[in-house]
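Structure first, then comments.
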Amino acid sequence: MEIVKNMQLSLPAARRRGPLDFPLRRLPPRPADPDPATVTPGAFRSPSGATGIGQNGSVYTCKGPGQDRWRR
């Protein structure tokens with residue numbers, strides 16, 4: 001078997017294209033960052049530590065004791 005040294009490969013030149021030979025596929029728009037949830041004070045919730053805003057504008061957090069509920 002011979003070892004070939006300094007072998008150069010001849011690759012075909014890239015084909016030049018016009019602006020685009022095919023239509024672009026558009027991705028759907030990304031949803032906006034979600035706003036904090038509107039919550040009902042005292043309702044059950046999980047996971048613990050989640051936050052939301054009541055209809056009156058107060059900030060509520062999901063916490064216990066016992067089963068987690070929306071509390072101020």
Side-chain angles (χ1 to χ4, degrees):
M1 242 181 157
E2 273 184 49
I3 298 176
V4 179
K5 294 183 179 179
N6 296 328
M7 182 177 178
Q8 293 182 357
L9 298 177
S10 175
L11 299 175
R15 190 177 116 213
R16 273 238 184 291
R17 295 183 182 187
L20 285 179
D21 289 343
F22 54 90
L24 289 177
R25 190 176 84 187
R26 304 248 179 216
L27 296 175
R30 290 179 90 186
D33 291 335
D35 292 329
T38 301
V39 301
T40 304
F44 296 125
R45 172 69 183 161
S46 67
S48 186
T51 58
I53 298 177
Q55 290 181 355
N56 61 0
S58 298
V59 177
Y60 290 87
T61 305
C62 176
K63 53 188 171 182
Q67 187 170 8
D68 292 334
R69 295 176 181 261
W70 289 113
R71 303 176 194 275
R72 281 200 216 181

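These numbers come from a predicted model, not from an experiment.
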Minimum-distance pair of heavy atoms, taken over all atoms of K63 and R71: O-NE, 3.1 Å
Under 3.5 Å donor-acceptor, R69 side chain and P41 backbone: no
Partners passing side chain to side chain contact (heavy atoms under 4.5 Å, CB included) against S58 (at least two apart in sequence or in another chain): N56, Y60, R72
Any idea which heavy atoms bring P47 and C62 closest together, and the distance? O-SG, 3.5 Å
If every non-hydrogen atom of D68 is compared with every non-hydrogen atom of S48, which pair is closest and at what distance? OD2-CB, 3.1 Å
Heavy-atom closest pair (W70 atom, T40 atom, distance to 0.1 Å) is CD1-O, 3.6 Å
